[in-house]
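Here is the structure we will look at.
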Number of protein chains: 2
Amino acid sequence: MWHDEVMSPTVRRPQRRNQVLSRDQIVEVAVDILDTGGESALTLRAVTERLATGSGAIYYRVGTRDELLDAATEAVITAVLMSHVGGKSDTPSDAITGVALALFDAIADHRWLATRLTIQIVRHPLGQVTVSIFEAIGRHIQALGVPQTSWFDATSTVVHYILGAVSQHARVGGGATEGGPDRQEFLDVTAAAWRELPPERYPFMHSIVDQMRTHQDRQQFRAGITIILTGLPRTR
Amino acid sequence: MWHDEVMSPTVRRPQRRNQVLSRDQIVEVAVDILDTGGESALTLRAVTERLATGSGAIYYRVGTRDELLDAATEAVITAVLMSHVGGKSDTPSDAITGVALALFDAIADHRWLATRLTIQIVRHPLGQVTVSIFEAIGRHIQALGVPQTSWFDATSTVVHYILGAVSQHARVGGGATEGGPDRQEFLDVTAAAWRELPPERYPFMHSIVDQMRTHQDRQQFRAGITIILTGLPRTR
DNA sequence: ACCTGAACACCGTTCAAGT
DNA sequence: ACCTGAACACCGTTCAAGT
């Protein structure tokens with residue numbers, strides 16, 4: 001039982017890291033903490049405890065807590081987009097929808113990501129994260145037959161739609177269990193609340209309450225992509 | 001000099017409020033602090049100092065700091081949408097564009113709003129703020145000739161686009177001075193950075209760098225609205 | 001009913017000191 | 001060069017006490 005500790009003291013270093021701390025390790029742990037406990041769980045103390053290090057080490061490798069959050073966001077987004085370079089046999093429309101759905105699913109898997117993506121974009125509107133997403137979408141905008149003068153506007157529209165849509169669905173879906181009972185209960189409660197709204201001030205809400213109660217997030221998200229792709233200018 | 005204080009002691013209460021604190025007052029002060037110093041400036045201590053009260057009063061009238069932020073968001077959004085009920089002579093397309101631009105401008109005036117709008121929507125995806133925006137847009141979707149079965153999807157698409165687009169432009173524009181030198185400098189720096197990207201990995205970014213450098217935020221935002229309205233299904 | 005404000009627990013960040 | 005961790009300043013929240 002206790003032999004191990006005594007007989008091979010060089011193999012086991014029970015308390016502290018014996019390797020240099022890497023930036024990637026820190027970011028990886030951060031993502032894990034965020035996935036488990038949400039943004040409020042990511043305290044510097046939680047990170048240093050998991051890594052058995054001091055707070056200064058995080059500052060040395062990454063920077064402030066905010067920069068750690070940005071790094072985690074960039075890591076997740078980059079990984080998602082990386083895994084979507086293949087599959088070239090699709091039509092341009094399918095390819096765009098594929099990238100969009102990959103981002104959609106990433107937000108479902110990492111609920112903290114919706115908020116952080118917005119913050120990232122507010123602060124670095126044309127930074128690495130935006131660049132990656134633009135490139136992944138824009139590539140296929142070209143192939144779609146959109147005239148060159150409209151490439152930037154067209155790609156912006158698709159990307160902005162994805163970012164906005166993804167925020168709203170971050171909570172409704174609630175992970176992989178798309179049709180779970182929690183979701184339907186939530187929709188029912190919301191439908192009831194909408195029916196309580198004064199009809200003369202909110203006629204439209206009353207007219208869509210049934211559609212809202214029965215809608216599917218993923219399907220609605222795709223419908224939006226289709227609407228935008230349909231509206232893009234084409235050269236033919 | 002000192003007469004006033006002595007002669008009319010009931011008129012002047014020098015140190016403390018003599019009126020009851022209202023929820024609206026608190027929210028108003030919160031918005032003002034946010035506009036001046038951003039989200040980080042909104043501390044409970046800053047609010048209580050401005051109102052010459054104690055922290056408990058805020059909790060009694062509003063709740064936590066987060067609820068205060070939500071209340072500020074709701075107040076601003078509601079005010080913006082309220083001021084857009086008139087002008088019925090527009091075409092439905094113009095009306096939708098008008099609401100969209102009003103929200104766009106609101107974000108420019110209240111830079112903290114982009115982030116907070118996302119957080120609000122992540123936490124209360126179908127709450128009051130979403131309801132107000134949906135109603136303001138949805139009304140005109142009907143008039144546009146979109147078949148009833150698509151009303152919810154169509155409105156969602158427009159709203160999600162607005163929310164996403166507005167986030168990215170929160171910083172680039174930087175308030176009312178749309179064409180300020182700061183902005184052009186920022187675009188030039190970004191363009192230079194994009195040109196440094198490896199062309200084989202980012203061919204698309206290289207192809208749009210000039211468009212990005214010369215684009216106008218507001219115009220691009222409108223272009224997106226137009227694309228979506230064009231793509232909506234119509235009964236005719 | 002409404003407000004006060006001291007007290008508490010917790011947090012991000014720094015930096016002199018170590019190796 | 002890289003890491004440690006005590007110390008600091010600051011923050012949101014609570015709650016017994018007041019009016």
Side-chain angles (χ1 to χ4, degrees), chain A residues 9-10 13-34 36-73 112 115-116 119-120 122-123, chain B residues 9-10 12-34 36-74 112 115-116 119-120 122-123:
Chain A
T10 55
R13 296 269 187 76
Q15 299 276 50
R16 306 247 158 241
R17 286 169 302 91
N18 50 9
Q19 257 189 314
V20 218
L21 205 54
S22 81
R23 191 188 146 94
D24 286 348
Q25 272 175 51
I26 297 171
V27 172
E28 198 181 330
V29 164
V31 170
D32 195 52
I33 292 173
L34 286 164
T36 307
E39 193 175 319
S40 66
L42 188 81
T43 66
L44 266 291
R45 279 159 178 87
V47 175
T48 54
E49 195 179 345
R50 276 273 294 268
L51 290 165
T53 182
S55 57
I58 311 300
Y59 282 81
Y60 184 80
R61 291 286 179 189
V62 185
T64 66
R65 187 190 110 108
D66 240 58
E67 288 170 312
L68 179 56
L69 251 344
D70 285 348
T73 303
W112 51 276
T115 302
R116 267 290 143 181
I119 293 178
Q120 178 99 316
V122 168
R123 256 193 314 218
Chain B
T10 54
R12 274 206 179 201
R13 298 266 188 78
Q15 300 276 49
R16 306 249 158 242
R17 283 168 306 92
N18 49 12
Q19 257 189 314
V20 217
L21 203 55
S22 81
R23 190 188 146 95
D24 285 349
Q25 272 175 50
I26 298 172
V27 172
E28 198 180 332
V29 164
V31 170
D32 195 52
I33 292 173
L34 287 164
T36 307
E39 192 175 318
S40 66
L42 188 80
T43 66
L44 266 291
R45 278 158 179 87
V47 176
T48 53
E49 196 179 345
R50 276 273 294 268
L51 290 166
T53 182
S55 57
I58 311 300
Y59 282 82
Y60 186 78
R61 290 286 179 192
V62 185
T64 67
R65 186 188 112 108
D66 240 58
E67 288 171 312
L68 179 56
L69 251 343
D70 285 348
T73 303
E74 192 175 321
W112 51 276
T115 302
R116 267 292 143 178
I119 293 178
Q120 177 101 317
V122 167
R123 255 194 311 217

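Labels below follow one simple rule: chain letters A, B, ... track the order of the sequence lines, proteins then strands, and each chain is numbered from 1.
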Dump the pairs, protein N or O against N or O of nucleotides 14-19 of chain C, anything under 3.5 Å, distances to one decimal.
unit_1: C:dT14; atom_1: O4; unit_2: A:Ser55; atom_2: OG; d: 2.9

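Taking atom CD of residue B:Gln25 and atom C1' of nucleotide C:dC3, one finds them 14 Å apart after rounding to whole Å. Atom P of nucleotide D:dG12 and atom CG of B:Leu44 are separated by 5 Å, given to the nearest angstrom. Residue A:Glu39 contributes atom CD, which lies 14 Å from atom P of C:dC11 at whole-angstrom precision. Look at CG on A:Leu51: it is 15 Å from C1' on D:dC2, rounded to the nearest Å. Note: CZ (B:Arg61) to P (C:dA1) measures 12 Å, nearest angstrom. Between the CD atom of B:Glu49 and the C1' atom of D:dC10 there is a distance of 14 Å, rounded to whole Å. Across the protein-nucleic acid pair, A:Leu69 atom CG and C:dG12 atom P stand 10 Å apart, rounded to whole Å. A straight line from CD1 of B:Ile58 to P of C:dC3 spans 9 Å, rounded to a whole angstrom.
The main-chain N or O of A:Glu39 is never found under 3.5 Å from a side-chain atom of A:Arg116 such that the two would form a donor-acceptor pair. Within the 3.5 Å criterion, the main-chain N or O of A:Thr64 finds a donor-acceptor partner in the side chain of A:Glu67. Within the 3.5 Å criterion, the main-chain N or O of A:Leu21 finds a donor-acceptor partner in the side chain of A:Arg61.
Among the atoms of the strands shown, only primed sugar atoms or phosphate atoms (P, OP1, OP2) are found under 4.0 Å from some heavy atom of B:Leu42.
The CD1 atom of A:Ile26 lies 6.0 Å from the CG atom of A:Leu51; values are rounded to the nearest 0.5 Å. Atom-to-atom distance recorded for B:Arg65:CZ and B:Asp70:CG is 11.0 Å, nearest 0.5 angstrom. The OG atom of A:Ser40 sits 9.5 Å away from the CG atom of A:Leu34 when rounded to the nearest 0.5 Å. Between atom CG of residue B:Leu69 and atom CH2 of residue B:Trp112 there is a gap of 7.0 Å, rounded to the nearest 0.5 Å.
Candidate nucleotides D:dT13, D:dC3, C:dC11 were compared by shortest atom distance to the side chain of B:Arg65, and D:dT13 ranks first.
Within the structure, every side-chain polar atom (N or O) of B:Tyr60 is placed at least 4.0 Å from both OP1 and OP2 of C:dC3. Side-chain nitrogen and oxygen atoms of B:Arg45 include none within less than 4.0 Å of the OP1 or OP2 phosphate oxygen of C:dG5.
Contacts of A:Arg50 classified as side chain to side chain donor-acceptor pair (under 3.5 Å), with partners at least two apart in sequence or in another chain: A:Asp32.
Base pairing in DNA chain C yields stems of at least 3 consecutive Watson-Crick or G-U pairs, both distances under 3.5 Å, namely C:4-8 with D:12-16, C:12-16 with D:4-8.
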For a side-chain contact (heavy atoms from CB on, under 4.5 Å) check, start with the C-alpha distance between A:Ile119 and A:Thr73, then their side-chain angles and the critical distance, and finish with the verdict. CA-CA 10 Å; A:Ile119 293 178; A:Thr73 303; over 6 Å; no
